[in-house]
Amino acid sequence: MVDWPLLSVIIFLPLIGGLIILFIKEDEISSNNIKWSALLTSVGTFILSLILWLQFDYLNPSYQYIEKFRWFNDFNFYYHIGVDGISLFMILLSTFLTPICILASWNNVKKRVKEYMLAFLFLETVMIGMFASIDILLFYIFFEAVLIPMYLIIGIWGGSRRIYASFKFFLYTLLGSVLMLIAIIVMYRNTSSMSIEFLQGNYFAFNTQIFLWLAFFASFAVKIPMWPFHTWLPDAHVQAPTAGSVILAGVLLKMGGYGFIRFSVGMLPEATELFIPLIMTLSIIAVIYTSLVALAQTDIKKLIAYSSVAHMGIVTIGIFLVNQQGLEGAMMQMISHGLVSAALFLCVGVIYDRMHTREIEFYGGLVQRMPLYATVFMIFMLGSVGLPGTSGFVGEFLVIVGAFKFSSYVVVGAAFGIILSAVYMLYLYKRIIFGTITNDKLADILDINFREKIILIPLAISVIILGIFPNIFLDPMRLSLEVVISNYEVANAK
Amino acid sequence: MLNSIINIIFIPEIFLASTSFICLLFGLYTNKNSFRQTCNFAFLILLSTTVLIYFNIGSNFANYDMLFSKSSFINFFKILVLVGSAASIIISKDYFLGIKLINFEIPILLLFSTLGMMLMISANNLMSMYLAIELQSLSLYVAAAIKRDSLSSAESGVKYFILGALSSGILLYGFSLIYGFTGSMNFDEINFYLLRYENLNLGLIFGLVFVMVGLAFKVSAVPFHMWTPDVYEGAPNSITAFFAIVPKIAAVALIYRFCLVPFENFYLEWSQIVIFLSVASMFLGAIAAIAQSNIKRLLAYSSIGHIGYILIALVAANDDGVKASSIYMFSYMVMNIAIFAILLSIKVKNEYLVNISDLKGLSKSNPIVSLSISIIMLSMAGIPPFIGFFGKFYVFIAAIENELYVLSILGVLASVISAYYYLRIIKIMYFDNKNNEEQLIFKISFQSKVILSLSLFIIICFILYPSLLINISASLTI
């Protein structure tokens with residue numbers, strides 16, 4: 001362990017970098033300085049978060065790197081942060097994807113570079129802060145503050161219908177999260193504590209649990225998103241700039257899954273037990289329905305957006321199985337989806353930067369001109385499908401194994417969804433990459449350049465590492481997840 | 001003898017009144033136009049009155065036969081009123097000079113209305129309460145119509161006057177009923193008298209309803225809000241700033257004191273009225289503001305919405321409610337000072353900004369200003385980490401403490417609706433492309449700049465050390 005406030009430094013380093021950028025005067029020459037400072041800040045944060053991982057004690061299921069001091073005098077609110085096995089990889093995902101996002105927008109963001117970088121660094125601070133909070137009010141503040149930079153990113157640098165998409169994103173998610181605020185206050189009133197650690201061991205009356213569960217559900221089901229609350233996602237994804245989609249799919253959706261594990265399953269076990277059939281039904285509908293919708297898309301980004309909803313359906317199934325395989329599978333699926341869907345959006349970004357269209361029909365035969373691109377795209381496509389050896393396989397496999405303990409209908413539903421995912425992804429790949437070039441405009445398209453290699457190759461490597469050595473990731477989270485499961489089982493055995 | 005005179009002079013209200021008269025005489029007997037000087041004087045007077053209140057000077061003096069009372073709650077709100085009033089005089093000085101409306105009476109009118117508000121907050125008797133309300137209202141009627149050659153200003157003054165007079169009449173009728181049925185005008189005595197009853201009799205209920213209507217008019221709660229958008233729109237911008245910042249604070253304090261002191265034991269009777277006022281204000285404020293194209297009307301509806309939240313804390317009727325009200329009003333004041341300091345400094349085509357659509361492209365020409373407006377708007381919408389969130393948060397804590405679940409859920413839903421129009425302003429500044437070539441000119445005086453930076457600092461940095469304000473609010477007693 002380290003004896004300096006490592007976690008606080010990781011949280012606030014991006015913000016400090018952002019403040020420095022704020023005072024760089026923006027003109028033609030210095031926009032490079034702005035980009036470099038943003039990149040260095042985020043890379044520095046990533047390196048620090050690796051220290052976090054290296055020094056992490058696998059055998060300790062509770063929070064580590066705890067920092068705590070009193071924040072509000074009158075209530076029991078603390079600035080209380082720490083990391084456990086569940087939040088560790090969420091934080092790593094955020095710190096890993098932010099520098100990639102900044103690199104990905106190196107050349108294609110031309111207007112308001114300063115505000116753009118500022119928004120991303122602010123976003124990184126609030127994302128990490130949210131995953132690291134142990135105080136529930138602190139969590140809420142970060143959870144909502146995420147909306148501000150994301151609203152601006154979609155609205156300023158987005159596509160043609162960006163205003164509609166940004167408003168829909170903001171208001172939809174705000175509607176969910178304000179109900180969570182009420183739930184948080186009710187929790188506080190019942191226990192006089194805001195500590196997530198304490199609340200997880202606390203028992204709420206059954207009726208209160210149901211109310212609280214529904215309020216949290218409203219917030220996380222919108223965020224993750226579950227069918228039928230997913231309609232904001234395709235709009236937001238399609239209209240957002242590439243880096244915005246990456247961070248949205250990579251990290252922001254995980255906030256929902258993280259919240260389900262921490263709050264719904266962790267704090268409200270009996271209500272969870274009651275609502276499991278609802279969740280399973282919605283998840284299976286999501287997996288199958290959104291896969292079919294994805295199959296019908298003509299816009300690449302929209303297709304990947306719908307595939308995200310389907311993948312998140314697998315995650316919610318895994319979480320609400322509440323057994324070891326299910327939860328570990330859900331976590332793996334979240335990490336894997338964070339990398340794979342982010343990478344897929346980046347791949348779309350690569351050809352969008354060259355051709356300025358995302359219509360599937362426009363492309364075809366890219367392998368002739370872009371062999372390297374075809375290769376990395378294939379890795380991510382297979383990761384998304386869940387081919388053994390890639391990250392997607394581990395999560396989906398574990399969830400299905402876990403689901404056998406619960407109900408074979410769920411297994412059939414989930415497996416059918418996974419087959420459909422192979423259908424739409426392979427079909428997409430065939431239409432874009434294979435064949436001969438029929439469109440003249442593609443005749444002199446260039447393969448990925450050095451910057452894009454730097455972005456895509458680390459992602460490809462991590463997708464494969466995750467697939468071959470899942471234990472690197474499963475070991476740290478195992479004990480923390482076991483605590484969640486045993487709490488849940490004890491509460492429901494009563 | 002001398003000692004007691006000094007004591008009397010340093011009672012904050014008397015100090016304010018006498019110095020205001022001196023200010024008036026000064027303005028009257030100087031040859032050249034003394035608008036600037038009276039403004040500065042008014043500012044100094046307000047600040048020194050604040051100091052007097054803060055250090056509790058003259059507090060051990062008589063309460064004038066219980067006409068007025070003293071408590072930490074009263075002092076806190078008095079300080080808010082004085083600070084808000086001082087800030088609004090400073091930020092509007094340049095505006096008055098800009099539109100050449102330089103009557104030296106303006107700051108003095110505002111001083112007198114501030115005096116009325118201070119008396120209003122501390123009133124402990126129906127009669128003193130009524131007289132204080134009239135003192136502040138009469139000054140404000142004149143202030144609304146001060147731009148004599150402008151039709152809209154005169155119209156807003158007349159509207160305000162007629163509706164204000166009507167509400168005062170209703171208020172007075174309510175007072176007479178309460179007096180008739182209890183035999184006393186004093187708040188504590190009314191409370192003591194009512195203790196003997198299980199239920200209020202019909203006459204008292206009528207009296208209570210009439211008074212609540214009058215007070216709802218003063219805080220501009222729906223359905224007695226009609227005057228607000230019109231008066232905000234018609235009055236000169238700087239007077240609108242004053243309207244938005246100061247009288248609301250005093251009226252909120254008054255409605256709190258009226259409900260929680262004489263009628264504290266009849267919670268059930270008045271809470272029904274307040275719940276309706278609160279829900280209606282939140283939703284009407286949120287929905288009506290969406291369609292506005294005039295920024296002053298938008299802020300009027302926004303203030304109506306804010307009043308709805310404040311009334312939730314009143315319905316909670318516990319210590320947390322009092323605490324929430326003070327935190328909310330503080331944040332409300334700071335946010336309004338900040339937004340008006342900006343609005344009073346933006347010119348489009350040599351006119352002061354009125355239409356929201358004129359803000360287009362502001363983020364290009366003045367990035368810092370548009371960033372500030374965005375922060376204020378997000379804070380008003382109650383998005384963390386800004387101060388507005390904590391105001392709402394404390395309101396909901398108070399409400400849930402009293403198990404007002406439905407009311408709090410309605411409250412958060414209204415806050416989502418209202419987020420739309422706050423976001424719309426950000427959208428206009430950042431997302432919309434500028435199609436016209438008129439340059440927005442942002443010119444701000446040094447003093448306003450100080451006030452603006454200070455209030456922005458409070459809005460952003462409140463989260464870092466909230467205890468400073470919260471400790472004070474937690475210790476307030478009504």
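Here is the naming used below: chain letters follow the sequence lines, and residue numbers restart at 1 for every chain.
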Quiz item: What distance separates A:Ile163 CD1 from B:Arg424 CZ, expressed to the nearest 0.5 Å?
Solution: 11.5 Å
Practice problem: Report yes or no: do B:Ser363 and A:Arg112 form a side-chain donor-acceptor pair below 3.5 Å? | Solution: yes
Quiz item: Does any heavy atom of chain A fall under 4.5 Å from the side chain of B:Ile417, the backbone, both, or neither of them?
Solution: neither
Quiz prompt | Spacing of B:Lys364 atom NZ and A:Lys111 atom NZ [to the nearest 0.5 Å] | solution = 6.0 Å
Quiz item: How long is the gap from OH on A:Tyr188 to CD on B:Glu401, to the nearest 0.5 Å?
Solution: 8.5 Å
Quiz item: Under 30°, 30 to 60°, or over 60°: which ring-plane class applies to B:Tyr394 and A:Phe72, parallel, tilted or perpendicular?
Solution: parallel
Practice problem: Sort B:Ile397 into side chain, backbone, both or neither according to what part of it lies under 4.5 angstrom from a heavy atom of chain A. | Solution: both
Self-check item: Near-ring test A:Phe77/B:Phe393, centroid separation under 6.0 angstrom
Solution: yes
Exercise. Rounded to the nearest 0.5 Å, what's the gap from CD1 on A:Ile182 to CD1 on B:Ile409? Could you check?
Key: 6.5 Å
Practice problem: Just jot down the side-chain contact (heavy atoms from CB on, under 4.5 Å) partners of A:Ser177, sequence neighbours excluded, or say none. | Solution: A:Tyr140, A:Phe143, A:Glu144, A:Leu174, A:Ser219
Quiz item: Testing B:Tyr420, B:Phe431, B:Tyr430 for ring pair (Phe, Tyr, Trp, His ring centres under 6.0 Å) with A:Tyr151, which one passes?
Solution: B:Phe431
Self-check item: Residue-level contacts of residues 305-329 of chain B with chain A, using a heavy-atom cutoff under 4.5 Å
Solution: B:Asp320, B:Lys323
Self-check item: For chain B, the option from A:Val178, A:Val126, A:Leu147, A:Leu181 that forms the most heavy-atom pairs under 4.5 Å
Solution: A:Val178
Quiz item: Contact part of A:Trp71 toward chain B, heavy-atom cut-off under 4.5 Å: side chain, backbone, both or neither?
Solution: both
Exercise. Can you run down the ring pair (Phe, Tyr, Trp, His ring centres under 6.0 Å) pairs that involve residues 455-478 of chain B, sequence neighbours left out, and say none if there aren't any?
Key: B:Phe390-B:Phe462
Quiz item: Which bit of A:Phe211 comes within less than 4.5 Å of chain B, counting heavy atoms only: side chain, backbone, both or neither?
Solution: side chain
Quiz item: When only pairs under 4.5 Å are counted, which of B:Leu423, B:Leu464, B:Val412, B:Ile383 shares the most heavy-atom pairs with chain A?
Solution: B:Leu423
Self-check item: Closest contact, heavy atoms only, A:Ile148 versus B:Pro384
Solution: CD1-O, 3.7 Å
Self-check item: Toward chain B, the part of A:Arg162 with a non-hydrogen atom under 4.5 Å
Solution: side chain
Quiz item: Which heavy-atom pair separates A:Leu171 from B:Val416 by the least distance, and what is that distance?
Solution: CD2-O, 3.6 Å
Practice problem: Hey, could you give me the CG/CG distance between A:Leu22 and B:Leu371, rounded to the nearest 0.5 Å? | Solution: 7.0 Å
Quiz item: How long is the gap from CZ on A:Arg189 to CG on B:Asn402, to the nearest 0.5 Å?
Solution: 8.0 Å
Quiz item: Can you pull out the residues in residues 468-478 of chain B with any heavy atom less than 4.5 Å from chain A?
Solution: B:Ile470, B:Asn471
